[in-house]
Amino acid sequence: TRYDVGDKRRAVIEIEYEVLNTVGIPEAHAALASASWASGKASLAETQWEVAMEFDKRFSDVAWVKKNYHWGPELMGALESFLNLS
């Protein structure tokens with residue numbers, strides 16, 4: 001993904017655009033929460049995570065996300081950091 005090849009700023013913009021245009025897609029909200037957390041935007045991360053959890057609580061299971069989605073290692077690491085609050 002663009003996020004994993006180092007263009008994180010552009011990737012976050014694309015995810016934000018997807019969230020705005022497709023509200024209710026839990027993957028987009030979970031991805032934005034993870035990327036926001038990694039970039040120090042805790043408030044946005046928490047807000048997006050709440051939305052993601054309203055639609056699909058399985059995103060809180062890292063193994064499930066790895067199995068069912070093609071997130072690269074950087075975004076998966078951001079998800080794990082968010083879930084561990086580190």
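All residue numbers refer to positions in the sequence shown, counting from 1.
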Asks: Any link between Ile25 and Val51 through a network of hydrophobic side chains (Ile, Leu, Val, Met, Phe, Trp, Tyr) touching at under 4.5 Å?
Replies: no
Asks: Take atom CD in Glu54; do more than 12 heavy atoms of anything else shown fall under 6.0 Å from it?
Replies: no
Asks: Locate the shortest heavy-atom distance separating Ala38 from Ala78; write the atom from each residue and the value.
Replies: CB-CB, 3.9 Å
Asks: Report the residue from Ile15, Ile13, Asn21, Val19 that forms a side-chain contact (heavy atoms from CB on, under 4.5 Å) with Tyr17.
Replies: Asn21
Asks: Do the non-hydrogen side-chain atoms of Trp49 and Ser60 ever get within less than 4.5 Å of each other?
Replies: yes
Asks: I need the Met53 CE to Gln48 CD distance, nearest 0.5 Å.
Replies: 11.5 Å
Asks: Which value, rounded to the nearest 0.5 Å, describes the distance between Leu85 atom CG and Glu46 atom CD?
Replies: 8.0 Å
Asks: Answer yes or no: is there a side-chain heavy-atom contact under 4.5 Å between Phe59 and Leu83?
Replies: no
Asks: Would you say Leu79 and Tyr69 make side-chain contact, with heavy atoms under 4.5 Å?
Replies: no
Asks: Mind listing the closest non-hydrogen atom pair of Pro26 and Gly24 along with its distance?
Replies: CD-O, 3.1 Å
Asks: For the residue pair Trp71 and Glu27, establish whether any side-chain heavy-atom pair is separated by less than 4.5 Å.
Replies: yes
Asks: For residues Ala35 and Val12, report the shortest heavy-atom separation together with the two atoms involved.
Replies: CB-CG2, 3.7 Å
Asks: From Glu14 CD over to Arg9 CZ, what is the distance, rounded to the nearest 0.5 angstrom?
Replies: 10.5 Å
Asks: Report yes if the side chains of Glu16 and Leu44 come closer than 4.5 Å at any heavy-atom pair, otherwise no.
Replies: yes
Asks: In terms of relative ring orientation, are His29 and Phe55 parallel, tilted or perpendicular, with 30° and 60° separating the classes?
Replies: parallel
